[in-house]
Amino acid sequence: MKLRNKYGIPSNAVITIAGTVGVGKSTMTNALANALHFRTSFEKVDSNPYLDKFYADFERWSFHLQVYFLAERFKEQKRIFEYGGGFIQDRSIYEDTGIFAKMHYEKGTMSKVDYETYTSLFEAMVMTPYFPHPDLLIYLEGSLDDILSRINERGRPMEQQTPVDYWKEMHKRYEDWINSFNACPVLRININDYDIMDDESSVEPIVERISDFIHHTRLLKK
Ligand SMILES: Nc1ncnc2c1ncn2[C@@H]1O[C@H](COP(=O)(O)OP(=O)(O)O)[C@@H](O)[C@H]1O
Ligand SMILES: Nc1ncnc2c1ncn2[C@H]1C[C@H](O)[C@@H](COP(=O)(O)O)O1
């Protein structure tokens, strides 16, 4: 029996996976999409025309990269809407502004005027009643050491060449961000509490938690 039926997950649900770089979002996106027979929405990394340049020179490319990600995520949002849901999404649009753009502005690698332009574009596109929020945001959390090991193990050169302080700053910001995030319901999962790489069946307890969560929050909405 499909796990989706067993746990009564609505076929139109939209679940977004959030968390810092390297924490395991893409891996979780694939595992959940396979288990639930949902479609996936991934962010563009290999074909991203700005990412390498951005890591080589934050100041020069941070605005370009944010605008690129915003456009890509918005197109994905439209695709999800057109299919009528049933998606697992790798990273939420909220992290672009709440983590990345804010961090680069506050660290001085994005100018004030660029940040304001970006923020007003984000608000015009996202903070409207027409933008559907996900049914659930799964927040993956883990220790900085575990995450640094995963970044190294994955081996994207531009991330490995980035100073550890960058990932440390991001890790701290993620914790602060999730503690005040309220755009949609949040399910927090510690990366030490599952092992989907070695044991595919360990996704089932996660599906069960998702089911409890979605049913609870849908009941509250009624
Ligand atoms: N549950 C897990 N257990 C062990 N390693 C994992 C797990 N999830 C992801 N990884 C490894 O961590 C690295 C980063 O995972 P990835 O899913 O690409 O992270 P993200 O999408 O959050 O950047 C990859 O090398 C991946 O194989
Ligand atoms: N909005 C963003 N600003 C800067 N960098 C970003 C943004 N969104 C993603 N990224 C970077 C971080 C990683 O190097 C890659 C992919 O992210 P991952 O968490 O590994 O899926 O893009």
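Start at 1 and go down the list; that is how both ligands and their atoms are numbered. By convention here, the first residue in the shown sequence is residue 1. Treat the numbers as computed from the prediction; the structure is a model and nothing was measured.
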R154 near ligand 2 by a heavy-atom separation under 4.0 Å
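So R154 counts as touching ligand 2.
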Identify the heavy atoms of [X] and [Y] that sit nearest to each other, and give their distance.
X: V23; Y: G142; answer: CG2-N, 4.5 Å
X: I151; Y: G22; answer: CG1-CA, 4.1 Å
X: S202; Y: I196; answer: OG-N, 3.5 Å
X: W177; Y: I99; answer: CB-CD1, 3.7 Å
X: H133; Y: C184; answer: CB-CB, 4.3 Å

Distance from [atom] to nearest protein heavy atom, with residue and atom:
atom: atom 20 (O) of ligand 2; result: R156 NH1, 2.9 Å
atom: atom 19 (O) of ligand 2; result: K25 NZ, 2.7 Å
atom: atom 24 (C) of ligand 1; result: R154 CB, 4.1 Å
atom: atom 2 (C) of ligand 2; result: F100 CG, 3.3 Å
atom: atom 19 (O) of ligand 1; result: G24 N, 3.1 Å
atom: atom 6 (C) of ligand 2; result: F69 CE1, 3.4 Å
atom: atom 9 (C) of ligand 2; result: R91 NH1, 3.3 Å
atom: atom 14 (C) of ligand 1; result: G22 O, 3.4 Å
atom: atom 17 (O) of ligand 2; result: E43 OE2, 2.8 Å
atom: atom 13 (C) of ligand 2; result: E159 OE2, 3.1 Å

Look only at interatomic distance and state if [X] has a nitrogen or oxygen under 3.5 Å from any nitrogen or oxygen of ligand 1.
X: K25; answer: yes
X: D90; answer: no
X: M197; answer: no

Charged N to carboxylate O below 4.0 Å: is that the case for R79 and E76?
yes
Does the distance from a Lys or Arg side-chain N to an Asp or Glu carboxylate O, for E106 and R173, drop under 4.0 Å?
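The answer is yes: the pair qualifies as a salt bridge.
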Could you see which bit of N48 sits under 4.0 Å from ligand 2, with heavy atoms only: side chain, backbone, both or neither?
neither
With a 4.0 Å heavy-atom cut-off (strictly under), which part of I99 contacts ligand 2: side chain, backbone, both or neither?
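Near ligand 2, I99 shows nothing, with every heavy atom at 4.0 Å or more.
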Out of [options], indicate the one that has the non-hydrogen atom closest to [atom].
atom: atom 2 (C) of ligand 1; options: R150, R156, E153, R91; value: R150
atom: atom 26 (C) of ligand 1; options: V21, I17, T27; value: T27
atom: atom 8 (N) of ligand 2; options: Q66, M103, R73; value: R73

Within ligand 1, which atoms have a heavy atom of Y194 less than 4.0 Å away?
1 (N)
Do [X] and [Y] have side-chain atoms, one donor and one acceptor, less than 3.5 Å apart?
X: E95; Y: S92; answer: yes
X: E204; Y: Y7; answer: yes
X: D199; Y: S201; answer: yes

Do S120 and Y115 have side chains that get closer than 4.5 Å, going by heavy atoms?
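The answer is no; the side chains never approach within 4.5 Å.
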Counting from 1, what ligand 2 atoms have a heavy atom of [X] closer than 4.0 Å?
X: D96; value: 1 (N), 2 (C), 8 (N)
X: V45; value: 16 (C)
X: Y55; value: 11 (C), 12 (C), 13 (C), 14 (O)
X: L51; value: 11 (C), 15 (C), 22 (O)

Is there a salt bridge (charged side-chain N to carboxylate O under 4.0 Å, His left out) between E43 and K25 once you walk through the steps?
CA-CA 11 Å; E43 50 185 8; K25 298 179 297 300; 5.2 Å; no
Salt bridge (charged side-chain N to carboxylate O under 4.0 Å, His left out) between E208 and K6, intermediate numbers included
CA-CA 9 Å; E208 193 174 357; K6 181 172 173 188; over 6 Å; no
Does the Lys NZ or Arg CZ of R4 fall within the cation-pi geometry relative to F38 - under 6.0 Å from the ring centre and within 45° of the axis?
no
